[in-house]
Amino acid sequence: MSNLDAKIPEGPIAEKWTNHKNNINLVNPANKRLIDVIIIGTGLAGGSAAASLAEMGYNVKAFAFQDSPRRAHSIAAQGGINASKNYQNDGDSDYRLFYDTVKGGDYRSREANVYRLAEVSGNIIDQCVAQGVPFARDYGGLLDNRSFGGVLVSRTFYARGQTGQQLLLGAYSALSRQIGKGKVKMYNRHEMLDVVIVDGKARGIIARNLITGEIQRHSAHAVVIASGGYGNVFFLSTNAMGSNATAAWKAHKRGAYFANPCFTQIHPTCIPVSGDHQSKLTLMSESLRNDGRIWVPLKLEDAKAIQQGNLKPTDIAEENRDYFLERRYPAFGNLVPRDVASRAAKERCDAGHGVNATGEAVYLDFMDAFIRYGKEQAHVKGLDGEDKDLVIKLGKAVIEEKYGNLFQMYEKIIDENPYETPMMIYPAVHYTMGGIWVDYNLMTTVPGLYVLGEANFSDHGANRLGASALMQGLADGYFVLPYTIGDFLADDIRTGTIPIDSPEFDEAEKKVKDSIATFLTNDGDNSVDHYHKLLGKIMWDKVGMARNDKHLKESIVEIKALREEFHKGVFVPGKDEGMNTELEKALRVSDFFELAELFAMDALKRTESCGGHYREESVTPEGEALRDDENFAYVSAWEYKGEPSESVLHKEELKFEFIELKQRSYK
Amino acid sequence: MNLTLKIWRQNGPKDKGRMETYPISDVSPDMSFLEMLDVLNESLVAKREEPVAFDHDCREGICGTCSLHINGEAHGPDRAITTCQLHMRKFKEGETIYIEPWRAKAFPVIKDLIVDREAFERIQQAGGFVSVNTSGNTQDANNLPIPKVDADLAFDAAACIGCGACVATCKNASAMLFVSAKVSQFALLPQGKVEAKERVLNMVHQMDLEGFGSCTNTGACEVECPKEISLDNIARLNREYLCATLSSE
Ligand SMILES: Cc1cc2nc3c(=O)[nH]c(=O)nc-3n(C[C@H](O)[C@H](O)[C@H](O)COP(=O)(O)OP(=O)(O)OC[C@H]3O[C@@H](n4cnc5c(N)ncnc54)[C@H](O)[C@@H]3O)c2cc1C
Ligand code: SF4
Ligand code: FES
């Protein structure tokens, strides 16, 4: 059916990784000194990989567009990281984490990869604690856990609402140690603009120094891309302003297949859009769904009155509230997976029950949690548990300890106190499950080119469960790549330094310089953001939370036309020398345009619904996503052929040997 | 809202730089400060001028990239937030707003409002870590119970986002709050004990080499720190430093 070999090791699922590690080639420590590795991106995935490879003895060159590895977007992750430690004794195990992740991904991920992820998850926590990551602890001094959507156990480790920050600072400290030792050469404020392929292998990159504008050539024996996700193709998302697809897209254009580009996660709990000036959307961590209850007014007239500002949420009596997740999904309630929660919120808002001025918001209410925790505290402290004000006060203190920074963030943006009135939330683009296709070794279809973290497609299928991206990023970087890359590099111990004066480097550099020159001499009138916003609107309206044949076909035409307008009409001020932030944006947005087209093509091709990909043509009578395993139990892997529209689809068939394929149910 | 912006423009590290005036109208109070600058930049590009360069990324107060001195205050008039979390509702109709980069010898200007903070990187590289390799064979995480109070205090220190507001706000341009936050995080945890002495000596030594000023306990840094890093950390650093110098003599 395809030429894709995922290189999944033989044997029972629980033994595959161990067997594989025992059988692959290694590079002896003395020889590692002769080998150079380039890493693009120093977030959780790239940072942990750079530190680990350098510790092992390789010469690492690492690149990031921010001014420090500590500022990669991993820093913004709030809620937590999963691991199958079973510290809560609630029946967790590697198998259960594996099962939950495959099911949560709506059976569109590769079993062997997911099992390995579960298997190394415990080591991640051990490693982070050894580095001094200050995870939350209980009064006995042991690590605390919380629950996340789509699971029935408590396996999420956290550091208040700043887990990504603390994990990234851990990886950053390990990386800093290697930079200090001279084993990693760190290139901050450098952007990779192309991969260089020599004799069929990835042997270097072209990068732009964002301060001086200098175009540089860097060579290595292997190139690792860990550049994060491409959610900003929608313009508005929870990603950072600089998050981009360029590194991954350039790799794709040089031969790496792009997998499942249409698999995007729309996160249910984000702060709603407030106006045209909006530059990004802010996430309110999923962990809040542990304690908050989601509702909208049951009566349409109440919703209207709220939208017009004539009623307050606290005016609505209990019996007039519709806790729609608890109603529709009694088993999982507010903790259903993200795709399910987002669609349910959209359904209520589309039906007119939404709550802020735009009608595109639902409430996330903490009153019950205040009372529940307050009563507990009153009991522990021997205070009057019937005194409602006291109970609420005690309860608020508990919530503040758990989520204080999120409540503060909300208040600063919305200018309302979420301790006094429920939060308003709405779904927003958050994460991209799709990404560069990689085999079990995390190698792409280009030999020597590896992709880690959110930039690859590997573990989350059609929907990622909460707290699993941090786990995947660190698993890839600390525990998987350091082994698997050796298998490739073992052949390179006698190669010597890769020269940078080859025709391949000449060609790649020329291409980059030409595209920069084209932008700077373009005689257009509109800013880059102007086009990026228009692209985002097409994506959100026609390739967003609910997709159909008609809209997808239209979107492909519109994206293509807008791309042409962009290249004709964009104005990029300034020069190629020195810092030029508009030029940086133009280069990124031009890649988003190409990716967007492939994205819509992929969504059109997959006529089933699965996970975050919801085709209105494929739903159950109750309105839930309906998979079509007969025709779509595959990974779509697109090969570039000169234009996105010419891309060729390859299919990696997904075999489920250890988990039975079932229609997902969270009822 | 209608406002007048006075913004520092500087073409590159060697340019002398100057304040420029830009009137701006139709600012919504719900905009963030950086969204207001986006609007200004859109209008500059429309006039075929170069937009104002400023540093930013996450726009939610956690990456530490944004770095503006607004009306003489690091991260502007609100407390416990970064520039990207500041909203225009904090300003009055008709107000004149002065926007400048961080000013410190150790943070040279790259362009307009963007400064070079690599000095922080080198301090971190000098000792801001626990020397443990990734092996997958470290002991089980729960074999090392840590009292909740210590873990919480370590977390409070570890919340530093490395923005540099403490330096920008200090009349001596001292980096003590930043350095003390990292030293404290590890000083409070058992994992950090083994290398405690070298860590504090090396980090302080690097800080001095970078040309940051010395700390005279004015406490301005704590007031402007977006993450409310406490001065207690500086006291802890001083204790650690004293112990380390005494025992190494
Ligand atoms: C607001 C938010 C909250 C989240 N919360 C959670 C959570 O609680 N739990 C969870 O598991 N997941 C969470 N996620 C998802 C998770 O944080 C990310 O998927 C993950 O951190 C991505 O890590 P990464 O290392 O792959 O990429 P990133 O951290 O995005 O790093 C990308 C790196 O690549 C560099 N880069 C990119 N392009 C280039 C280029 N062309 N040249 C040079 N360098 C480049 C950047 O400089 C950066 O260093 C959250 C995500 C968001 C947005
Ligand atoms: S101590 Fe505060 S002000 Fe200084 S760098 Fe850290 S977060 Fe910024
Ligand atoms: S942009 Fe990240 S903290 Fe302000």
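Both backbone and side-chain heavy atoms feed into the values below; hydrogens, waters and symmetry mates do not. Naming convention: chains lettered A, B, ... in sequence-line order (proteins, then strands); numbering from 1 in each chain.
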Undergrad: Side chain, backbone, both or neither: which part of B/Ser131 has an atom under 4.5 Å from a heavy atom of chain A?
TA: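 For B/Ser131, heavy atoms of backbone and side chain both lie under 4.5 Å from chain A.
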
Undergrad: State, without any angle test, whether B/Thr65 and A/Gln66 hold a side-chain donor-acceptor pair at a distance under 3.5 Å.
TA: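 Short answer, no.
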
Undergrad: Pick whichever of A/Ser48, A/Pro482, A/Gly141 has the most heavy-atom pairs under 4.5 Å with chain B.
TA: A/Gly141

Undergrad: Using the rule given for side-chain contact (heavy atoms from CB on, under 4.5 Å), can you reason through A/Ile179 versus B/Gln124, listing the C-alpha separation, both sets of side-chain angles and the distance that settles it, and then say yes or no?
TA: CA-CA 10 Å; A/Ile179 299 172; B/Gln124 173 75 21; over 6 Å; no

Undergrad: Pick one of side chain, backbone, both or neither for A/Leu474, based on which atoms fall under 4.5 Å of a heavy atom in chain B.
TA: neither

Undergrad: Is it the side chain or the backbone of A/Tyr87 that comes within 4.5 Å of chain B heavy atoms, both, or neither?
TA: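 Side chain of A/Tyr87 only, per the 4.5 Å heavy-atom cut-off to chain B.
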
Undergrad: With a 4.0 Å cut-off, would you call B/Lys148 and A/Asp144 a salt bridge?
TA: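 A/Asp144 and B/Lys148: not salt-bridged.
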
Undergrad: So for A/Ser74, is it side chain, backbone, both, or neither that comes closer than 4.5 Å to the heavy atoms of chain B?
TA: neither

Undergrad: To the nearest 0.5 angstrom, please state how far the CE atom of B/Met31 sits from the CD atom of A/Gln278.
TA: 10.5 Å

Undergrad: Within this structure, what is the SG-NZ distance for the pair B/Cys84 and A/Lys412, rounded to the nearest 0.5 Å?
TA: 12.5 Å

Undergrad: Counting only non-hydrogen atoms closer than 4.5 Å, does B/Gln185 touch chain A with its backbone (N, CA, C, O), its side chain (CB onward), both, or neither?
TA: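 Only the side chain of B/Gln185 comes within 4.5 Å of chain A.
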
Undergrad: Give, as side chain, backbone, both or neither, the part of A/Gln78 having an atom under 4.5 angstrom from any heavy atom of chain B.
TA: side chain

Undergrad: Give the C-alpha distance, both sets of side-chain angles, the deciding distance and a yes or no for side-chain contact (heavy atoms from CB on, under 4.5 Å) between A/Arg177 and B/Asn133.
TA: CA-CA 10 Å; A/Arg177 177 169 158 243; B/Asn133 281 2; 3.1 Å; yes

Undergrad: First locate atom CZ of B/Arg59, then atom CG of A/Asn239, and finally report the distance between them rounded to the nearest 0.5 Å.
TA: 13.5 Å

Undergrad: Is a side-chain donor-acceptor pair under 3.5 Å present for A/Ser68 with B/Glu121?
TA: yes

Undergrad: For B/Phe155, which atoms come within 4.5 Å of any heavy atom of chain A: side chain, backbone, both, or neither?
TA: both

Undergrad: What part of B/Asp78 gets within 4.5 angstrom of chain A, counting heavy atoms only: side chain, backbone, both, or neither?
TA: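 Side chain only.
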
Undergrad: Chain B heavy atoms under 4.5 Å from A/Gln127: which part of the residue, side chain, backbone, both or neither?
TA: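 Both backbone and side chain of A/Gln127 come within 4.5 Å of chain B.
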
Undergrad: If the contact rule is any heavy atom under 4.5 Å from chain A, which residues of residues 138-146 of chain B qualify, in numerical order?
TA: B/Thr138, B/Gln139, B/Asp140, B/Ala141, B/Asn142, B/Leu144, B/Pro145, B/Ile146

Undergrad: Which region of B/Val115, side chain (C-beta onward) or backbone (N, CA, C, O), has a non-hydrogen atom less than 4.5 Å from a non-hydrogen atom of chain A, or is it both or neither?
TA: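 The answer is the backbone of B/Val115.
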
Undergrad: Among B/Lys182, B/Arg122, B/Glu118, B/Lys90, who wins on heavy-atom pairs under 4.5 Å with chain A?
TA: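 Looking at each of B/Lys182, B/Arg122, B/Glu118, B/Lys90 in turn, B/Glu118 comes out on top.
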
Undergrad: Contact part of B/Leu44 toward chain A, heavy-atom cut-off under 4.5 Å: side chain, backbone, both or neither?
TA: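 Neither part; nothing is under 4.5 Å.
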
Undergrad: Can you say whether A/Leu142 sits under 4.5 Å from chain B via the side chain, the backbone, both, or neither, judging by heavy atoms?
TA: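 Both parts, backbone and side chain.
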
Undergrad: Could you pull out the closest heavy-atom pair between B/Asp57 and A/Gly242, with the gap in Å?
TA: OD1-N, 2.8 Å

Undergrad: Could you look at A/Ile414 and say if it's the side chain, the backbone, both or neither that has a heavy atom under 4.5 Å from chain B?
TA: backbone

Undergrad: Please state whether the side chain, the backbone, both or neither of A/Phe479 comes within less than 4.5 Å of a heavy atom of chain B.
TA: side chain

Undergrad: Looking at A/His73, A/Lys181, A/Glu582, A/Met186, which one has more heavy-atom pairs under 4.5 Å with chain B than the rest?
TA: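 Most heavy-atom pairs under 4.5 Å with chain B: A/Glu582.
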
Undergrad: To the nearest 0.5 Å, what is the distance between CE on A/Met409 and CD on B/Gln85?
TA: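 If I round to the nearest 0.5 Å, the distance is 6.5 Å.
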
Undergrad: What pair of heavy atoms forms the shortest contact from B/Arg48 to A/Asp523, and how long is it?
TA: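 Scanning both residues, the minimum pair turns out to be NH2-OD1, 4.0 Å.
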
Undergrad: Which answer fits B/Ala126, side chain, backbone, both or neither, if we ask what part of it has an atom under 4.5 Å from a heavy atom of chain A?
TA: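 Looking at B/Ala126, nothing touches chain A.
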
Undergrad: Of the backbone (N, CA, C, O) and the side chain (C-beta and beyond), which part of B/Asn41 lies under 4.5 Å from a heavy atom of chain A, both, or neither?
TA: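 Neither the backbone nor the side chain of B/Asn41 comes within 4.5 Å of chain A.
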
Undergrad: With a 4.5 angstrom heavy-atom cut-off, could you sort out which part of B/Ala157 is near chain A: side chain, backbone, both or neither?
TA: neither

